[in-house]
Structure formats: structure tokens, C-alpha cells
There are 2 protein chains.
Amino acid sequence: MAIRGSYAKGVARREEILESALDVIGRKGYQNASLKEIAEVVGVTPAALLHYFGSKEELFTAVLRKRDELDGLDPAFLDADGARDGFLQVIRHNTEVPGLVALFSRLSVDAADPAHPAHEYFLERSERLRATIAENFPSGPRHAPVDPETLARIIQAAADGLQLQWMIDPTVDMPGIMAALIDALQPES
Amino acid sequence: MAIRGSYAKGVARREEILESALDVIGRKGYQNASLKEIAEVVGVTPAALLHYFGSKEELFTAVLRKRDELDGLDPAFLDADGARDGFLQVIRHNTEVPGLVALFSRLSVDAADPAHPAHEYFLERSERLRATIAENFPSGPRHAPVDPETLARIIQAAADGLQLQWMIDPTVDMPGIMAALIDALQPES
DNA sequence: GTCTATACAGGGATAGAC
DNA sequence: GTCTATCCCTGTATAGAC
């Protein structure tokens with residue numbers, strides 16, 4: 001059943017808003033990305049944004065959800081053999097979308113509040129990510145065993161922490177450092 | 001030369017404001033810590049806060065600076081032998097000051113903007129921290145060498161990333177996971 | 001369903017009186 | 001050194017036009 005009429009227009013507007021939001025964040029930083037400015041880029045009023053998304057926080061959460069679908073984190077890990085390179089590829093790709101990294105990092109902090117609309121999102125996404133890592137990354141070296149769940153938390157933490165370092169100093173080599181960590185934890189794989 | 005008169009009062013007020021700010025953040029979260037509420041705790045108006053610190057961001061940056069002095073990160077690393085345990089002790093201590101962790105994480109993100117008052121602070125503090133780690137932590141295992149600078153970035157990233165995980169889920173065992181990482185990277189130390 | 005206009009509460013910041 | 005008063009901007013709720 002095809003999408004037609006005003007319904008189709010709404011869907012298009014939604015996408016347009018999500019893209020513009022990410023665009024503004026990338027250019028001006030999360031802090032200065034106001035609903036007013038995003039609305040101006042789209043060519044509507046701030047109220048129009050709130051018509052589609054209930055609040056600013058929900059809008060930004062939706063941006064993150066959308067990118068997860070597009071970039072598709074999970075497919076890269078489906079095969080255990082490509083887990084390492086797939087993971088590094090995602091990190092390398094993040095280098096090219098600073099706005100997305102800024103948004104992700106900022107919401108990671110704000111979502112600590114259980115009342116934040118992204119709270120459940122981060123809980124579920126993180127758990128899913130760690131499960132994938134635990135399944136597809138070989139466990140640690142025999143002489144210093146690290147159980148899969150701990151390994152997953154370490155890798156996730158390092159990736160998130162490196163983004164903080166990279167944001168404040170873009171010369172930081174995120175993929176290189178992550179590769180060094182993974183290889184150090186799995187010398188015989 | 002003793003501090004007297006109105007000068008002493010100003011210094012006392014400054015300290016009082018810094019403590020109240022951290023207190024409010026701990027109870028209500030960074031997001032809901034307004035100048036108005038902090039001012040109420042101190043017993044003054046928001047304008048008084050801005051008299052001592054130029055802006056809200058500078059006030060919060062000052063809180064972080066003050067805690068660095070009190071908790072004294074560096075002393076714990078002065079001896080190479082106690083580097084590991086000293087580092088873990090700091091992390092364990094952070095568990096008891098959630099407001100400070102929230103403040104640090106939030107400013108870590110905001111300070112990515114070069115115009116943010118905490119930008120230089122984070123650049124210098126991070127570099128100093130990594131230098132200390134690189135000096136006092138033995139380098140990686142022989143079969144998977146990790147140079148000291150990379151090791152320092154990994155440990156710092158993991159510590160910061162773990163704080164994000166812990167904030168959204170306080171059951172996360174930060175010290176335990178950090179210990180596992182350090183031991184895995186330095187099996188023969 | 002899509003959107004504008006309007007109004008409001010709250011935030012941080014500024015100027016000037018005391 | 002501190003407050004009052006004011007200003008502007010933010011996000012948001014509502015009403016109603018199309």
C-alpha cells in the first residue's frame with residue numbers, strides 16, 4: 001500500500017528535520033543547536049518540530065535511532081571473523097561524522113537520568129552491542145583471562161572514551177588505538 | 001599575611017558556592033542544577049554567583065579544578081609501585097561522589113568546543129594524567145607490545161567510558177573492570 | 001494531519017543602585 | 001560586594017487556520 005497525500009508529506013518532513021538537526025549539530029556543536037535554528041534550516045517554525053517529535057530531547061534521540069538504522073551497527077558483526085575489522089570500520093566512519101559523535105556523547109551523559117527519553121534506548125543499545133562483542137570477539141589471553149562480558153565492557157568503554165579524547169583533539173587516532181587494544185587483549189586470535 | 005575583612009568574606013563565599021554547586025548537582029543532576037537553585041542553597045541571588053565566577057560554565061569548571069586540588073590525583077601516582085592500586089583507589093572513590101562524576105562527564109563533552117572555559121583545562125589535565133600513566137605503568141606484554149602513550153590513552157578512555165556506563169547503570173563494577181584491563185595489559189608486572 | 005501564531009515560564013546574563 | 005530590575009533567548013503548551 002503506497003504512501004500518499006498528506007501522510008507522505010509528513011514522513012518526508014520528519015526525515016528532513018532529522019537530517020537538518022544533525023547538520024546543525026555538526027556545524028555549530030550540540031550546545032548551540034537550538035530548535036529555532038534547526039527550524040530555520042528546514043524552513044518552518046520551532047512548533048512544527050515539536051509537532052513531529054514531542055520535545056527537543058526526543059528529536060535528538062530520534063536522530064540517533066535513525067543513524068543506527070542507516071549505519072547498521074549489527075550487520076558488521078554478524079560474522080565472527082569480521083568482528084574486529086567491522087568494529088574498526090565503524091569507528092573509522094565515525095571520524096567523518098563529528099556531529100553524530102557529539103550528539104551521541106552528549107546524550108550518553110544526559111541519558112543517565114532515568115526520566116530522559118534516551119535512557120531506555122542507551123540501556124538496550126549498549127546491552128545489544130556488548131552481547132555482540134562478547135559473542136564474536138575471542139576471549140582474552142590464557143595467562144590473563146578476561147571473561148567475555150568484561151571484555152565487552154572494556155571495549156565499549158574504550159571506544160566511548162576515545163571519542164571524548166578525539167572531540168577535544170581531532171588528531172587522536174581512534175581506529176589505531178582501538179586496534180592496539182583489541183590486539184593486546186587477544187594476542188593469539 | 002592573614003586574610004581579613006571583606007577579602008576574607010569573598011574567599012569564604014567562593015568556597016561556599018563551589019561546595020553548594022557540587023551538592024546540588026549530586027542531588028538533582030547536572031541538567032537541573034540551575035544558578036537559581038545553587039544561589040538559594042548559599043542564601044544569595046544568582047547574580048551574586050556570577051559576580052564571583054563570570055558564567056555558569058566557569059563556575060562549574062572551577063568546581064572541577066577545586067576537586068582536583070582536594071582529591072589530588074597526582075600524589076597517588078608518585079610512586080611507580082603504587083600506580084595500579086592508586087589509580088583504582090581514585091576510581092573507587094569516584095563511586096561515592098556521583099555529582100562529581102556527572103559534572104566531569106558533562107564538561108568533558110561540552111569542553112570539546114574550543115570556546116568553552118574548560119577546554120584548556122581538559123587538554124592540560126588529560127595530558128598530565130596520561131604522562132603520569134605512561135611513566136608509572138609498565139609497558140604491555142612482550143608478545144603484544146603497546147607503547148606507553150597508547151597505553152595511557154587506552155586506560156584513560158576506559159576509565160572515562162566506564163563512568164558513562166556506571167552513570168546509566170550504577171551496578172557496573174568500575175574498579176573491578178579497570179583492574180581486569182590493567183592486569184590483562186600487564187600480565188608480567 | 002500539518003503547521004503558524006501566540007503566549008508563557010524558566011534559564012543565564014547585564015546594568016546600575018545601594 | 002551584593003542585590004534589584006531588566007533583557008533576551010530557550011523550550012514548550014495551546015488555539016486555531018488550512
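Predicted, not measured: the structure shown is a model, and the values here were computed from it. A note on names: the letters A, B, ... follow the listed sequences, proteins ahead of strands, and every chain is numbered from 1.
- Checking the phosphate oxygens (OP1, OP2) of D/dC3, a side-chain nitrogen or oxygen of B/Thr45 falls inside 4.0 Å.
- At C/dC3, one or more side-chain N or O atoms of A/Arg13 fall inside 4.0 Å of OP1 or OP2 (strictly under the cut-off).
- Proximity of B/Phe104 to B/Phe122: side-chain heavy atoms (C-beta onward) are separated by under 4.5 Å at one or more points.
- The main-chain N or O of A/Arg153 is found under 3.5 Å from a side-chain atom of B/Gln165 such that the two form a donor-acceptor pair.
- Using a 4.5 Å cut-off on side-chain heavy atoms (C-beta onward), B/Arg84 and B/Asn136 make no contact.
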Could you write nucleotides 9-18 of chain C as a row of B, S and -, 5' to 3', where a protein heavy atom under 4.0 Å of any base atom gives B, of only sugar-phosphate atoms gives S, and otherwise -?
--SSBB----

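- Going from atom CD of A/Glu58 over to atom P of D/dG11 covers 14 Å, rounded to whole Å.
- At a threshold of 4.5 Å between non-hydrogen side-chain atoms, the residues B/Ile25 and B/Val63 do not count as touching.
- A single hydrophobic cluster is seen to contain both B/Val97 and B/Phe60, as judged by linkage of ILVMFWY side chains at heavy-atom distances under 4.5 Å, directly or through other members.
- Within the nucleic acid shown, A/Ala48 comes within 4.0 Å of at least one base atom, counting heavy atoms only.
- Put simply, CG on A/Leu49 is 13 Å from C1' on C/dT4, counting in whole angstrom units.
- In this structure, A/Glu40 places its CD atom 12 Å from P of C/dT4, rounding to the nearest Å.
- Whole-Å rounding puts the A/His51 NE2 to C/dT6 P distance at 20 Å.
- Rounded to whole Å, atom P of D/dC9 lies 17 Å from atom CD of A/Gln31.
- Residues B/Glu124 and B/Glu127 are not in side-chain contact: their nearest non-hydrogen atoms beyond the backbone lie 4.5 Å or more apart.
- One interatomic measurement links the two molecules: CD of A/Glu15 to P of C/dT2, which rounds to 13 Å at whole-angstrom precision.
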